[in-house]
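The block underneath contains the structure these notes are about, expressed in structure tokens.
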Amino acid sequence: MKIVQANEETTQNILVDLLKRSPNQYKEQEETVSQIIHDVKERKDQALLDYTKKFDGAKLTSETLRVTEEEIQSAYEQTDDHFVEIIRKALKNIKTYHEKQKQNSWFDSTDEGTLLGQKVTALGKVGVYVPGGKAAYPSSVLMNVLPAKVAGVKRIVMVTPCDQDGKVNEGTLVAAKEAGVHEIYKVGGAQAIAALAYGTETIPKVDKIVGPGNMYVALAKKAVYGHVSIDSIAGPSEILVLADETANPRFVAADLLSQAEHDELASAILVTTSMELAKAVEKEIQEFLKVLPRSEIMEKSLDNYGYLLVADTLDTCIDIANEIASEHLEILTKDPFYVMTKIQNAGAIFLGEYSSEPLGDYFAGPNHILPTNGTAKFFSPLGVDDFVKKSSIIYYSKEALKNAHQDIMDFATSEHLTAHANSIKVRFEE
């Protein structure tokens, strides 16, 4: 990793570097994704079957696209009972956390004869994309599905790639069953997003698509946005550790590597006031790389997007953290709760040396679907709000409208919208 003296120029250079990982930069792949989406719209199931054979090596039919109850039961038989219990413990924590986010409809009336309010309604159908391929992610199943269940979504449709034998990872299936997914289909990539967005003979069109994926999935979600809603266009994973001289360098190194192992585009950054800590962390990283299995991926990630930034003051560290707006932010300082009050931009904030990032990935309860690529400046983690829509409620009695009608007519007239004014006027004609 690179040890860099932090200043305004180096911070801006890092930001430019990190933005190169954004899905918005994948111009070459956009045409391919566009062709796949068009093909699925036109040929529906047959296109899905052809792409599944081409990319996953699996020969499926419209009848075998959907995961059966027998396959789910088989997944339970192949899954260690202890792991099923862990899934259930994590599920309980995630559900409990998200239940606190739920909003109710509200109404407010006055003696003048008005009633204003907001009606909160769950989305009807939601599609959940769960990655496959290089790794299995039962945790992503829980994080995407449980907020939707808490919100009251009636139908949750999951898509995930299968292997060449047409099988879906057993842990993924168990997590889906435990979380309450209604139907699961063996399809991945941009073609799965297209199927959820437009529908096929077998897979229903949904109202919203959520869940992380590779660049093709991200670009497909971007392409169908507006026809359906999406959660976000997620980029590669990232972590920023903000630490002072009190931090344990072995902990810091381990936490940086926990994100660097995702893929070669992942970002891992330390911002610290201590040059001694930065050097110690660099040494610990080298030791870990000798023994951890995914060291080749981690080395490429750290070479491309890993930084050890040394700043003069804690306030400068905080400014840098807010500017980078990392997906995951760990605060390992003498008083992490004080530093937390100064943080404005972060997807998830982890406080203290025993709140490492994987705690949030799997178990604590808050969602691990987080804003990336600096979008934590204006986006939030996935939550219950992402699975509801809100309708405004307006009621005025005749007397209440009479008291306001001239002001409304004058406002409409000022905008030269005479039909607007007339709509009010006709209600008070002699």
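Everything numeric in this text was worked out from a predicted model, so none of it was measured.
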**Item:** Derivation and outcome, side chain to side chain contact (heavy atoms under 4.5 Å, CB included), residues V181 and I184
**Value:** CA-CA 7 Å; V181 173; I184 307 167; 3.8 Å; yes
**Request:** Output, in order, the C-alpha distance, side-chain angles, deciding distance and verdict of salt bridge (charged side-chain N to carboxylate O under 4.0 Å, His left out) for D385 and K390.
**Result:** CA-CA 9 Å; D385 263 3; K390 299 167 185 177; 3.8 Å; yes
**Asked** Can you list the steps and then say if S237 with Q259 is a side-chain hydrogen bond (donor to acceptor under 3.5 Å, both in side chains)?
**Response** CA-CA 6 Å; S237 189; Q259 293 308 290; 2.3 Å; yes
**Request:** Check the pair K2, D303 against salt bridge (charged side-chain N to carboxylate O under 4.0 Å, His left out), reporting the backbone distance first and the verdict last.
**Result:** CA-CA 8 Å; K2 303 172 274 288; D303 285 344; over 6 Å; no
**Prompt:** Should L49 and L65 be marked as a side chain to side chain contact (heavy atoms under 4.5 Å, CB included) after you check the CA-CA gap, both sets of side-chain angles, and the distance that decides it?
**Reply:** CA-CA 8 Å; L49 300 175; L65 261 180; 3.9 Å; yes
**Message:** Using salt bridge (charged side-chain N to carboxylate O under 4.0 Å, His left out), reason through K279 and E282 one step at a time and then give a plain yes or no.
**Reply:** CA-CA 5 Å; K279 291 178 179 178; E282 183 181 35; over 6 Å; no
**Item:** Derivation and outcome, side chain to side chain contact (heavy atoms under 4.5 Å, CB included), residues Y198 and I37
**Value:** CA-CA 9 Å; Y198 298 101; I37 291 172; 3.7 Å; yes
**Message:** I'd like to know whether S74 forms a side-chain hydrogen bond (donor to acceptor under 3.5 Å, both in side chains) with Q78, so could you lay out the CA-CA distance, the side-chain angles of the two residues, the decisive distance to 0.1 Å, and finally the verdict.
**Reply:** CA-CA 6 Å; S74 175; Q78 297 173 57; 2.9 Å; yes
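Note that CD1 of I94 is 14.5 Å distant from NZ of K149, once rounded to the nearest 0.5 Å. Atoms NZ and OG1, on K389 and T121 in that order, are 5.0 Å from each other to the nearest 0.5 Å. How far CG of N93 is from CG of L146: 10.5 Å, rounded to the nearest 0.5 Å. Between I285 atom CD1 and R250 atom CZ the span is 12.0 Å, to the nearest 0.5 Å. Expressed to the nearest 0.5 Å, how far CD1 of I86 lies from CG of D80 amounts to 8.0 Å. The distance from the CG atom of D319 to the SG atom of C317 is 9.0 Å, given to the nearest 0.5 Å.
Within 6.0 Å of the CZ atom in F378, the count of heavy atoms belonging to other residues, nucleotides or ligands exceeds 12. Within a 6.0 Å sphere centred on CD of Q12, heavy atoms belonging to other residues, nucleotides or ligands number more than 12. The number of heavy atoms from other shown groups lying within 6.0 Å of CD (E28) does not exceed 12. Heavy atoms of other residues, nucleotides or ligands lying less than 6.0 angstrom from NZ of K377 number more than 12. More than 12 heavy atoms of other residues, nucleotides or ligands lie within 6.0 Å of OH in Y76, so this atom counts as buried by the packing criterion.
D255 contributes no side-chain N or O that, together with a main-chain N or O of S356, makes up a donor-acceptor pair within less than 3.5 Å. Between the side chain of S34 and the backbone N or O of E31 there is no donor-acceptor pair closer than 3.5 Å. Here the side chain of D39 pairs no donor or acceptor atom with the backbone of Q35 at under 3.5 angstrom. In this structure a side-chain-to-backbone donor-acceptor pair under 3.5 Å is present from D244 to K334. Using modelled atom types, no side-chain atom of T64 and backbone atom of L60 make a donor-acceptor pair closer than 3.5 Å. The backbone N or O of N373 lies less than 3.5 Å from a partner atom in the side chain of E238, making a donor-acceptor pair. Checking side-chain atoms of N13 against main-chain N and O of E8 turns up no donor-acceptor pair under 3.5 Å. Remark: the backbone N or O of V120 is paired with a side-chain donor or acceptor of S105 at under 3.5 angstrom. With hydrogens and angles ignored, the 3.5 Å screen pairs no side-chain donor or acceptor of S326 with any backbone N or O of L329. Between the side chain of H182 and the backbone N or O of K154 there is at least one donor-acceptor pair closer than 3.5 Å.
Ion pairing between a basic and an acidic side chain is recognised when a charged N comes within 4.0 Å of a carboxylate O; E99 and K102 show no such pairing. Salt bridge R294/E299: absent, no basic N to carboxylate O contact under 4.0 Å. For the pair E287 and K290, the salt-bridge criterion is met [side-chain N within less than 4.0 Å of a carboxylate O]. The pair E201-K44 fails the salt-bridge criterion, with no side-chain N (NZ, NE, NH1 or NH2) lying under 4.0 Å from an Asp/Glu carboxylate O. Under a 4.0 Å N-O distance rule, the pair D231/K221 qualifies as a salt bridge. The pair K167-E71 does not meet the salt-bridge criterion, since no charged nitrogen lies less than 4.0 angstrom from a carboxylate oxygen.
The side-chain contact (heavy atoms from CB on, under 4.5 Å) with E245 is formed by just one residue from the set L277, T273, T333; it is T273.
Residues L196 and K205 form no side-chain contact, since every pair of their non-hydrogen atoms from C-beta on lies 4.5 Å or further apart. Annotation: side chain of Q101 is not in contact with side chain of V150 (no heavy-atom distance under 4.5 Å). Side chains of L382 and F387 form a contact here, defined as non-hydrogen atoms less than 4.5 Å apart. Residues Y305 and K300 fail the side-chain proximity criterion, which asks for heavy atoms closer than 4.5 Å. A 4.5 Å side-chain heavy-atom check between T160 and P131 finds every atom pair outside the cut-off.
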All N/O donor-acceptor pairs, side-chain side in residues 306-316, below 3.5 Å, sequence neighbours left out:
residue : atom : partner : partner atom : Å
Y307    : OH   : D17     : OD2          : 2.6
T313    : OG1  : T316    : N            : 3.1
T313    : OG1  : T316    : OG1          : 2.9

Let me have the donor-acceptor pairs involving side chains of residues 207-214, under 3.5 Å, with sequence neighbours excluded, atom names and distances please.
residue : atom : partner : partner atom : Å
D207    : OD2  : G124    : N            : 3.3
D207    : OD2  : K125    : N            : 2.9
K208    : NZ   : D386    : O            : 2.7
N214    : OD1  : Y216    : N            : 3.0
N214    : OD1  : V217    : N            : 3.0

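Counted by atom type alone, S140 and H368 present one or more donor-acceptor pairs between their side chains at under 3.5 Å. Y185 and E183 form a side-chain donor-acceptor contact under 3.5 Å, judged by distance and modelled atom types alone.
Checked against side chain to side chain contact (heavy atoms under 4.5 Å, CB included), A192 has the following partners two or more places apart in sequence or in another chain: Y129, V159, V187.
Residues L242 and A321 come closest through the heavy atom pair CD1-CB, 3.9 Å. Among all heavy-atom pairs drawn from I233 and A218, the shortest one is CG2-O, 3.8 Å. Nearest heavy atoms, V33 versus A190: CG1-CB, 4.2 Å. A376 and G347 make their closest contact through CB-N, 3.7 Å (heavy atoms, listed as atom of the first residue, atom of the second, distance). The two residues P161 and V168 have their closest heavy-atom pair at O-CG2, 4.2 Å. When all heavy atoms are compared, the tightest approach of H98 to V384 is O-CG2, 3.2 Å.
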